[in-house]
Structures are given as C-alpha cells and as structure tokens.
Amino acid sequence: MEEPPAKRPCTDYQTAQLKAYKGTPLELKCVNTIRALAADMVQKADSGHPGAPMGCAPMAHILWSSAASGGSGRNHSAKNPNWWNRDRFVLSNGHACALQYVMLHLSGYGDCNMDQLKAFRQVGSNTPGHPENFCTDGVEVCTGPLGQGISNAVGMAIAAKHLGATYNTTDFPNIINSKTYVICGDGCLQEGISGEACSLAGHLGLGDLIVLYDDNHITIDGDTDLAFTEDVKMRYESYGWQVLVVDDVANGLDDLRAAIDEAKKCTDKPTLIKIRTEIGFGSPSKQGSASSHGAPLGVPEIEATKQRLYGCDPSKDFFVDEDVAAYYKEQADAGDQALAAWDADFAKYKEAHPDKAKELERRFNGEIPEGAFDDLPTFVFGKDKANATRKFSEACINAVAKKMPELMGGSADLTGSNCCQIKGAGDFQKDTPEGSTLRFGVREHAMAAICNGMFAYGGLRPFCATFLQFAGYALGAMRCSALSKFGVIYIMTHDSIGLGEDGPTHQPVEMLESLRSMPNMCVVRAADANEMAAAYQIAINNVHTPTVICCTRGTVAPLEHSSRDKAMKGAYTVIEEEGEGAPDLVMIATGSEVWRCVDAAKALQSNHSIRTRVVSMPCQELFLEQSEEYRRSVLPGNVPTMSVEASAEHGWHRFSHAQIGITRFGMSGPLEQLFKKYGFDAENVASKGKELVDFYKNLGGNVPDLNCRPTFNNFQA
C-alpha cells in the first residue's frame, strides 16, 4: 500500500497565525477554507465581493456548527431545506453571498455543489450575484438592497413567535420555536428601513432574533468615518435590544460563542452582537481596505493570501481538505438528526392534536381552505347602500378572515382610515403573541419588508395597509415582494386626487403606473363591492404574486351590472352599447371613475345617439392574461376607445386611442370640485368622448386597430 502524500509544510505566516490562534488547528483551518473558497469564487467570476466573506468567515463557521461542536446549534437540514421549524438565516449584506454559498456547499446543499461555486455570478447558475430565494435552496429571501434582509428577519421572528403561541401546546411546547439569525454590515444599519424594523423588533421583544453585526468600518467609499460615526450600541440599546460586543474573531472564537450563548438565553429582547472584523482578512495588501470590498483580489494576491492562512495551499483553487469536509459533514448530520427528532415529535403531536396539526399542514403548504370565498359580500343594486371602496374592502377582509386565520397584518398607523381591522383579532404584542393584528407604527418601508419576512417564514398570508401615495415609502420592499414571488397583500386606500382636502402631498398620480410597470405585481382598482370581492379572491389566489388592492376614500355610485366573476378576468363590459353592431365609442375606466363613465355613456346616447360601451378594468395584468378572443370581445381595438382614470396617462396607450388622465400634481379641495377641475366629471367625459368619435369621423372613419400590433418575446429561455 502506497504511503499517503506528505502534507505540505506550513509557511512561516501560517505557523504564526496558528500560534496566535486561541482554538483548535481544525477550527482555524475551517475558517480559512471558507475565506479561500470565497476569494476563489469571486476571482473566477472576475466579479463580486471577497472582502466581507473573508472577514465574516468566523461568524459563518459558528453559525453552521452544532452546539456539540461549540457552535450556535442552528437547526437546518439539506435533506429538507423547507423544514418548518428550521432556524432561519438571513445574510442581510447580500453582496457577501459567496460566504453563504460556501456554507451551503459545505453543509451538503445540492444547489451549491462545487460546480455551482465555480459558476458564481454566471447566467442560469444557482449562485447569483446576490442571494435569491427562488434560485437556491437554503436562501430564505432576496437580500440585494441593504437593510431589506435584517427587516425581513424581524418578520420571520414575528411569524415564529405568533405561530408558536398559536400551535404549541403544554405537551408539545416546541413544535414551532425557531430562531432567526442574521449577518449584517454597516450599510444595512445605515439604511433607514433597518432602523424602522429594529425599533419595532425592540418594542415587540423578539427574543429569538439574533443579529451578528459585521463591524468592519468599511464601505465602498472608504472608512465609515466618512459618514457613519454614531454609537450603534447605544442606538440599539435605546430600541430595546440587548447589545453585546466582541472585539476579536480573528484570533479565536470563544468570545463569539459566549455572546451567542448569552443571546440565546435572552427571551424578552432581540440581540445585536457587534463584532469587530477586518474586511478581506488575510490579504497582505488589501486587508482592512475598501479595495477588497467589491472586486476580485487578483491571482497573485490570492496566492499570497493563502500563504498566510493556516491550512490553505496556494497552489490549489476551490479546495476543501478531507478533515474540513468531514467536520462540516458532522455538522450537517447533527442538523439531520434535529430534523428527524422534530419529525418524530410532530407525528406524536399529530396524534394528540389532529385538528391543530391538520391546520398547520394546510397553512405551511399554502393551501386555501375550502369555502374561503363563500362569505364574500355581493352587492345588490337598488337595495344595498353606496359606500367608499375602502369600506367594501373592510367587509371583504373580514369575510375571508373567518376561514383564513393565517391572514395577519395591519396598518402603518392608519387602521381606521385604511379600514383594515379584522374584527376579534387581538394585537400582536410582546405579551400577546397570539394576536394577529400588527401595529406597524409610521414605518411604511419596514412594514412591507416585515411582511416579506412573514411570508418567507411560511404559514401566514401577511397584509399591510397605508395610503396609496405612501407606497412610495414602501416601494423598495414591495419590489422585493414581486421579485421573491411573495404573495403579500397590500391594501392601499385614498387612491387618487379623490382623497380631497389633504392635497397633492397625499394624492397619488404616478403610483398606479409605477406599480403596474413592475413585473409580477398585480394591481387591482375596484369600482364597487362586487369588484372588491373579486380583488380579494384574486389576491388570496395569487400565492406567488403580491397584490395591491387600491381603494377610494370617497363614496362610489352603485353599478347595476358589475360582476365578481367577470371582474376576475381583469376587465369586462359593465354597460353594453344600445342596438346592433359594434359600438361607436368604448370607454375604459377603473375604480371611482367607472360610474362617472356610465353616466357619461347615458348622456352620449340620449343627447348624441353615440352608442357607448363602458368597460371596467380593475386589473390590467389579469386582462392581458386572457385569450385574444376574450380581449377582442371586450375591447375591439378598431373602435374609438378612451381611457378614464384619475391617475397618470402612461400605460393606457396600449388600450385606448385617447386618455383622460392626470399630467400634473393634484390640489387641496373637496372631492367633487377636484374631479370637475381635472376633467373627471361625467359632463367632460361625455364631451371628450364625442370629440374622439368626431376626430375619427373626420378622418373618414379610419380607426387604428390597437390589437393589430406585433408582440415580441425577447427573453431567450
């Protein structure tokens, strides 16, 4: 039998590092392997961020190590990445994602095998340039924009606390008891969204939230002294967090271990562990410098780095030695054992509490309960009272909530105005985690990000509410909802200049088109109670698409021929033209403008014999998903067509030849006066409709067919 090859002797630098290290040689070798792999990934991609992974490697090692091995004991398993009770991990500084992919690889996650590490940042790989939950098992949320991840983590901690309070029993107290761990950087804590979310986390006493703050003093522009000199420790203590400080992880991990142990014992406060690190650790010329932040180190520099890092071989790339692989295999086995133990407990729980177990399974499987929409209200024309669509929204959410206890959420301090209170749902507070009403406070951006985290956790359908104009505050997180395929429900009231006296600071003009232009975002603007019922059915069914339900402040007139079923198609004819043949004019409208178009259509028929069809289009996205035959039956395309919406004109050109919209900001004043001033009264709508018909008559009746245009799919699958 041949002798095994001799181990390469340590360099003087490596020997010195090992001598200074207060821990086992294997521990140091594991940490250095993480550093080297991350640097190799960025170098091969010729793109990325090596510095943070190299500085944060000690944290990752602890978080991916079992308690028996001196680690955090974080429960997770590659055998079931979607295990309900796994301890969540969020890499909030997502640019450091090479770190997360390395750890997933070492833990046996198939999406991050060695070939995928080598394909870092390449088209179609499972290792994109920032973490994407839909690309990679083991990644919970999309964390590119700084501050989003730590805010998502607050939502995850809320979800865990609420579900535990709801489903744990005295005989099974640990069915849901997961912790949420975060690594974040200086940039995350500079973003305002993190301050909003962490302030709320402190108020709620989310003791199972543990944040490891990579305090490396470096941002892209240079040292944090350029713009970030506050006392983070004092700030987070003022939020109600426990704050612990670890001054060194380069020369040993005992202090970090002790801090994590202390954090796990604290049940009434979230914990921030402020950890002093050096970005690009080990790089002889770039350690501690912004130059290691966002670019490859370079081949010579990586070789020099490996010569300094104990256990690394400068002649090898993407190398994991046998003892390191064996160590992480042992940690993965411990996670698998924790999963098996939980599965056994859940089987017993299922026998002892079959109804609770069945409901928990339904909720985590994302299944809509039978009859969920049966109690949605139906408006009876001539009998039921006219109202604002926000009041119809309130009736709808309460009708659905009876059969869907997973609906959990609230408003950004506008509960009464947004009409989003679920009757009988208590507040989720520090001492009442079973409550399902969230009081977000005036924190729109964090509110949306927290809902993303709740959805990512599973078992909940989060909703949140504010005025439509303040979606601008929340837009970064709403975009993450769409990108992440999270079916968050956004209830946005006061949806036009019709909110009246509060004036242009509160009146949305561009917001509808901004949201409609976002991929995988469903925007519904209902015209009455029946369409609002459709909006909620659409939103609940959209498990992988966020939905914005837009609601009026003011009363809308009843529509005789509105239909929930037809509204589910996105658009339908609410008033047919009189007589035979194609109409002379088609008017498309949404929300509070539909009934005004109905009045205008009646005037056009009686005063000018212009046979007018009125189309309600509560949801453009759904209408575009219908068959061409259906779309043409509603909008012929070769008939003069005019859109009417108290919002921006942009986006309506594909459906209409002319638009009545808004091209300037709003004004302060009573609703009806504003609608008349901006041209949305029935008289002006009828006048412009006649002008459009006359315009094409003067051209000899040659009306361009809006449906006769090519559609290109330029994405190469």
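All of these numbers come straight from a predicted model, not from anything done at the bench.
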Exercise for review: Of all the heavy-atom pairs spanning Leu146 and Ser92, show the shortest one and how long it is.
Suggested key: CD2-O, 4.1 Å

Point to revise | Side-chain donor-acceptor pair present, Glu434, Thr166, cut-off under 3.5 Å | key: no

Exercise for review: Search all heavy atoms of Met54 against all heavy atoms of Ala39 and return the closest pair with its distance.
Suggested key: SD-CB, 4.3 Å

Review point. Judged by modelled atom types alone, do Tyr349 and Asp171 share a side-chain donor-acceptor pair under 3.5 Å?
Key: no

Check your understanding: Does Lys274 reach the main-chain N or O of Val243 with its side chain, forming a donor-acceptor pair under 3.5 Å?
Key -> no

Review point. Is NZ or CZ of Lys118 both nearer than 6.0 Å to the six-membered ring centre of Phe318 and within 45° of the ring axis?
Key: yes

Exercise for review: Taking all heavy atoms of Thr143 and all of His130, pick out the closest pair and write down the distance.
Suggested key: O-CD2, 4.1 Å

Review point. Is there a donor-acceptor pair under 3.5 Å between the side chain of Asn216 and the backbone N or O of Ile218?
Key: yes

**Study point:** Short side-chain donor-acceptor distance under 3.5 Å, Gln307 and Thr11
**Key:** no

Point to revise | Enclosure of Lys485 NZ (heavy-atom neighbours >12, cutoff 6.0 Å) | key: no

Practice item. Apply the test side chain to side chain donor-acceptor pair (under 3.5 Å) to residues Thr219 and Asp186: give CA-CA distance (whole Å), side-chain angles for both, the deciding distance (0.1 Å), then the verdict. Key: CA-CA 7 Å; Thr219 59; Asp186 292 296; over 6 Å; no

Check your understanding: Are Tyr457 and Ser178 close enough that a side-chain donor and a side-chain acceptor fall under 3.5 Å?
Key -> yes

Review point. What's the shortest heavy-atom distance between Phe346 and Ala357, and which atoms?
Key: CZ-CB, 4.0 Å

Point to revise | Polar contact flag, side-chain donor to acceptor under 3.5 angstrom, Asp336-Ser77 | key: yes

Practice item. Describe, in one word, how the ring planes of Trp64 and His76 are oriented to each other, choosing from parallel (under 30°), tilted (30 to 60°) and perpendicular (over 60°). Key: perpendicular

Check your understanding: Taking all atoms of both residues into account, what is the closest heavy-atom pair of Ser484 and Asn133, and its distance?
Key -> O-ND2, 3.1 Å

Check your understanding: Strictly by modelled atom types, are Glu196 and Ser151 linked by a side-chain donor-acceptor pair under 3.5 Å?
Key -> no

Point to revise | Modelled atom types, side-chain donor and acceptor of Asn85 and Asn177, under 3.5 Å | key: yes

Check your understanding: So, Asn75 side chain and Asp87 main chain: donor-acceptor pair closer than 3.5 Å or not?
Key -> no

Review point. Which residues pass the ring pair (Phe, Tyr, Trp, His ring centres under 6.0 Å) test with Tyr327, sequence neighbours left out?
Key: His61

Practice item. Would you check if Cys56 and Thr277 make a side-chain contact, meaning some heavy-atom pair closer than 4.5 Å? Key: no

Check your understanding: SG of Cys97 to CE of Met103: how many Å apart, nearest 0.5 Å?
Key -> 14.5 Å

Point to revise | Residues Lys265 and Asp261 bridged, charged N to O under 4.0 Å | key: no

Study note, to complete from the structure: side-chain hydrogen bond (donor to acceptor under 3.5 Å, both in side chains) test vs Asp208 passes for just one of Lys179, Arg88, Lys161, Lys264, namely Lys179

Study note, to complete from the structure: From the list Gln17, Glu27, Gln14, Arg308, side-chain hydrogen bond (donor to acceptor under 3.5 Å, both in side chains) with Asn32 holds only for Gln17

Check your understanding: Which pair of heavy atoms, one from Gln242 and one from Ala263, lies closest together, and at what distance?
Key -> NE2-CA, 3.8 Å

Check your understanding: What pairs meet the ring-ring contact (aromatic ring centres under 6.0 Å, His included) rule with one or both residues in residues 241-295, with sequence neighbours excluded?
Key -> His49-His293, His95-His293, Tyr236-Trp241

Review point. side-chain contact (heavy atoms from CB on, under 4.5 Å) between Gln116 and Asp111: does it pass, once the steps are laid out?
Key: CA-CA 7 Å; Gln116 288 297 324; Asp111 278 358; 6.0 Å; no

Check your understanding: Cut-off 3.5 Å, side chains only: do Ser481 and Asn452 have a donor facing an acceptor?
Key -> yes

Check your understanding: To the nearest 0.5 Å, what is the distance between NE2 (His544) and CG (Asn520)?
Key -> 10.0 Å

